[in-house]
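Along the sequence shown, residues carry numbers from 1. Each ligand, and each atom within it, is numbered from 1 in the order the structure gives. In this text, all values refer to a predicted model and were calculated from it rather than measured experimentally.
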Amino acid sequence: MPETSTDTPQAQPGETATGSITAIRPDSVTGTGVVPGIAYAPVVWKQARPQTLPHEPEVAQEGREAEAARLEAGVTAVAARLEQRSSHATGVASEVLAATATLARDRGWRKAALKLVKGGTPAPQAVDGAMSQFIATFEKLGGLMAERTTDLRDIRDRVVAQILGQPEPGVPTPDYPSVLFADDLAPADTAGLDPAVITALVTQLGGPTSHTAIIARQLAIPCIVAASKIATIPQGTNVLIDGTAGTVTLGVDEAQGRRLVEEDGRRRETVRSWRGPAKTSDGHDVELLANVQDGAGARKAAGSQARGVGLFRTELCFLNSPTEPTVQEQTAIYGEVFAAFGGRKVVVRTLDAGSDKPLKFAKMEHEENPALGVRGVRIGLRDLGLLTRQLDAIAAAGSTREQGADSQPWVMAPMIATVPEAARFAELARERGIKPGIMVEVPSVALLAPAFLAHVEFLSIGTNDLSQYTMAADRMSPHLATLTDPWQPAVLTLIGMTARAGRDVGKPVGVCGEAAADPLLACVLIGLGVTSLSMAAPAVSAVGAQLADVSFEQCQRAAQAALAATDSAAARDTARKVLHA
Ligand code: PEP
Ligand code: MG
C-alpha cells in the first residue's frame, strides 16, 4: 500500500501552473460502483498499520501491575474516543461506533491480554497476541464471525497505537476535500466519515453488501468497492470518481472535473427533492418499499417516500436473545412495525436464523458450511413450534392494526428450496389469516417459479442470497465481490424468469435484496417485470428519481441488453448506455 503522508497534495506529472492536467491521457481503474455520485479531489490513503511492533523486553515481576494498567488505559482511551464519536453521529453510523466501543471494552479479549501481561509480555505485544487468537478463531468460524475480524483488527491497531503513543491508525482527517482510498475499511472508520471532507470512498476489497457500502449509502458518499488496481495510485493524485460507473479516472482536466461535480450536484438536488409517487417517465407504476428491522427503523422509514415495508427482517430483533421470545413479546414488536405504517403493506419475513445470523434459541448445531446448512425456513420446518408461534404472533399483531388498503399481514419464508416446503408454509399462514409468500433466494425457486406460485400469493427475490447461491460465491467474501454482484447476467436471467412467472398468473414479484437500492439496476429489474422494490429507506429517493427519468420501454431495453452481456461489468455498462445514465 502507498505510504501515507498528511502533507497537502503534491503537483502531479503533467500539471500546469494552474493545476490543470493537459499532457496526460485519462487512464482509469474500475471497481464495483455501490453509491452513485461524482467526486473530483486528491487521494488520501487510509493510514497503514505498522507492520512490526517495536521490541520491548519482558516485563519484570514488579512492573507487571503497572503494565496491566498501561494496557487498560489504552483500551479505555480508545473506547471513550469511539463513544464520543458515536454520540456526535446519527443512525447506523452512531450504532456502529457504539458497537465498536463495546467490542473494545469486551472482557473476553481483555482478559486474555491481561493474562499475557501477568506472564511478563509487554502491553502492546499482549494486545496483539490476544487479538490474534480471537481473529484466528473467528476466521475458522466463517460467515458473519469472519466478518467481525475486521473490527477486531481495527480495535487491536487503535489500542496498540494508543499504548505506544502513536497517532490513531485508520482514516485520516485532511483539512481539504479528498477521496479516501483504502484496502478495506472497518465499520468504525466508515461510520466516522465527514461527507464534507471525504467526498468519495474507494476500497480494494469489499462487496456491494459490505459495511462500507451500507454506511456510504446512508451518508450518500459516492463509493466504489473491489477496485483492486488502485494500489499504484499515490496519495495526492487528483482523481475523478464515478460511483455509478465504478470508475476512478486519472488525468482529468480540473475544469472538467469541477463541471462534472457541479452537474452531479444538480442530480443530487433532484434526488433530495423527489417526493413520489414512484413511476417511470411514461407513467408505469412502481411500488417502492422499505427494509426494516424493528419499530424504531419502521417509524423512521414511514417518514420516507416508501409506500410500505417490503422486508421486515424479524431475526434481527432477537440476535441477542438467549431464549425464544414469547408470543406476547413477539406480538408487541411486530405490532410496532405495523403501527408505523397504518393500514399499508407490511411484509414480515419469518426468522432467517442460521449462517451469518445465529440465533441462540434456534438450537443450531455446528455445521461445516452453515450457508448451505440448516438455516431459514429449514429450521422452522424442523422445529414447527418455533415457526407456528411466530405466525401466531404475526396474526395477533395484524388483527389489531388500523384497517387500510393492505392491512392483512403479508408473511414470507426465507430459504425455501422445494415446492412442498412452500406449500406447507402457505398452509400454516393461511390457517391464521395471513397472506403467504416466499423468498426467491435459492435458484431452484426461480427455475420452477410457476410450480411455487401455485401455492403462494407473492414472491420476493432476495438478490443477496440468490447471487451467492447462483454464483457459488460466499456473499461475505471481500475477494468475490465480482461474482456476488447482482448484475451477473445469470442472476438477472433467474430474476427475469421469476418475474415472467408472476406476471403470467397475476401475482406480485418484488426484489428486496441490496440490488433494489442501486438506481440503475432498479430500472433493469423493473424492465425484467418485477413489480416492487424494497430497500433501506435512505435509498428510496435516489431510486425513485432515477425511475422518473426513464421510460418503461427504456427499462425493458436496458434489461434485454444486460441479459445479453457476458459478465456483470458489461451488463452494467450496456444498461447504463441505454438508460443514458
Ligand atoms: C437477500 O438474501 O437478498 C435478503 C434480502 O435476505 P438477507 O440479506 O437478510 O439474507
Ligand atoms: Mg437472504
Side-chain angles (χ1 to χ4, degrees), residues 34 92 142-144 147 207-211 213-214 217 288-294 297 301 306 309-319 337 346-359 362 364 370-380 410-417 421 425 437-446 458-477 480-481 483-488 490-492 494-495 498-499 509-518 521-522 525 530 532-537 539 543:
V34 289
V92 182
L144 192 67
E147 264 234 321
T209 55
S210 62
H211 248 107
I214 291 166
R217 201 167 284 131
L288 295 188
L289 305 163
N291 291 353
V292 304
Q293 60 182 66
D294 54 23
V309 170
L311 169 63
F312 171 17
R313 289 182 163 103
T314 57
E315 67 282 354
L316 298 184
C317 302
F318 310 119
L319 283 182
V337 173
V346 174
V347 184
V348 185
R349 176 172 77 182
T350 54
L351 297 173
D352 185 20
S355 187
D356 57 331
K357 290 171 284 200
L359 286 188
M364 287 147 27
L372 299 179
V374 185
R375 64 167 287 203
V377 81
R378 297 172 184 181
I379 294 179
W410 295 43
V411 66
M412 63 184 180
M415 273 303 279
I416 290 279
E421 284 170 357
F425 178 79
I438 55 168
M439 290 194 72
V440 183
E441 295 172 297
V442 182
S444 61
V445 182
F458 68 97
L459 300 177
S460 181
I461 305 172
T463 44
N464 308 337
D465 276 315
L466 185 64
S467 306
Q468 136 161 293
Y469 296 129
T470 303
M471 304 307 294
D474 184 349
R475 64 190 261 190
M476 295 295 178
S477 168
L480 302 175
L483 287 178
T484 47
D485 188 340
W487 279 95
Q488 282 290 349
V491 176
L492 297 178
L494 291 173
I495 295 171
T498 311
V509 174
V511 168
C512 65
E514 286 298 311
D518 171 342
L521 189 45
L525 297 172
V530 157
S532 69
L533 299 167
S534 190
M535 65 206 77
V543 170

*Check: Thr350 and Pro414 side chains under 4.5 Å, non-hydrogen atoms*: yes
*asked:* Which of the numbered atoms in ligand 1 are under 4.0 angstrom from any heavy atom belonging to Asp465?
replied: 1 (C), 2 (O), 3 (O), 10 (O)
*With heavy atoms of Gly462 as the reference, note each atom of ligand 1 found under 4.0 Å away.*
1 (C), 2 (O), 3 (O)
*Decide yes or no for Met535 and Asp518: does some side-chain heavy atom of the first lie under 4.5 Å from some side-chain heavy atom of the second?*
no
*Check ligand 1 against Gly513 and write out every atom of the ligand that is under 4.0 Å from a heavy-atom position of the residue.*
3 (O), 5 (C)
*Indicate whether the side chain of Asp465 and that of Gln468 have a donor and an acceptor atom separated by less than 3.5 Å.*
yes
*Determine whether any heavy atom of Gln468 lies closer than 4.0 Å to an atom of ligand 1.*
no
*Just heavy atoms, cut-off under 4.0 Å: does Asn291 contact ligand 1 by side chain, backbone, both, or neither?*
neither
*Quick one: look at Asp352 and ligand 1, take heavy-atom pairs under 4.0 Å, and tell me if it's side chain, backbone, both or neither.*
side chain
*Is Glu514 close to ligand 1, meaning an N/O of one under 3.5 Å from an N/O of the other?*
no
*To the nearest 0.5 Å, tell me how far Ser460 OG sits from Arg349 CZ.*
9.0 Å
*asked:* Would you compute the distance between atom CD1 of Ile379 and atom CE of Met415 and round it to the nearest 0.5 angstrom?
replied: 10.0 Å
*Applying side chain to side chain contact (heavy atoms under 4.5 Å, CB included) between Val440 and each of Val509, Thr463, Leu494, Leu459, report the one that passes.*
Leu459
_Does ligand 1 come near enough to Arg349 that some N or O of the ligand is less than 3.5 Å from an N or O of the residue?_
yes
_Looking at Gln293 and Arg313, would you say the former's side chain and the latter's main chain have a donor-acceptor pair under 3.5 Å?_
no
*Sidechain-backbone polar pair: Thr470 side chain, Val491 backbone, donor-acceptor under 3.5 Å*: no
*Check each of Met415, Arg313, Met535, Arg475 against atom 10 (O) of ligand 1 and report the one with the nearest heavy atom.*
Arg475
*asked:* Checking the side chain of Asp294 only, and the main-chain atoms of Gly297 only, is there a donor and an acceptor separated by less than 3.5 Å?
replied: yes
*asked:* Could you work out, with ring-ring contact (aromatic ring centres under 6.0 Å, His included) as the rule, every residue matching Phe458, not counting sequence neighbours?
replied: Trp410
*Atoms in ligand 1 with a heavy atom of Leu311 nearer than 4.0 Å*: 5 (C)
_Is there a side-chain contact between Val445 and Met439 in this structure, where contact means two heavy atoms from C-beta onward sitting under 4.5 Å apart?_
no
*Check the Mg ion (ligand 2) and write out every protein N, O or S atom at under 2.8 Å, as residue and atom.*
Glu441 OE2, Asp465 OD2
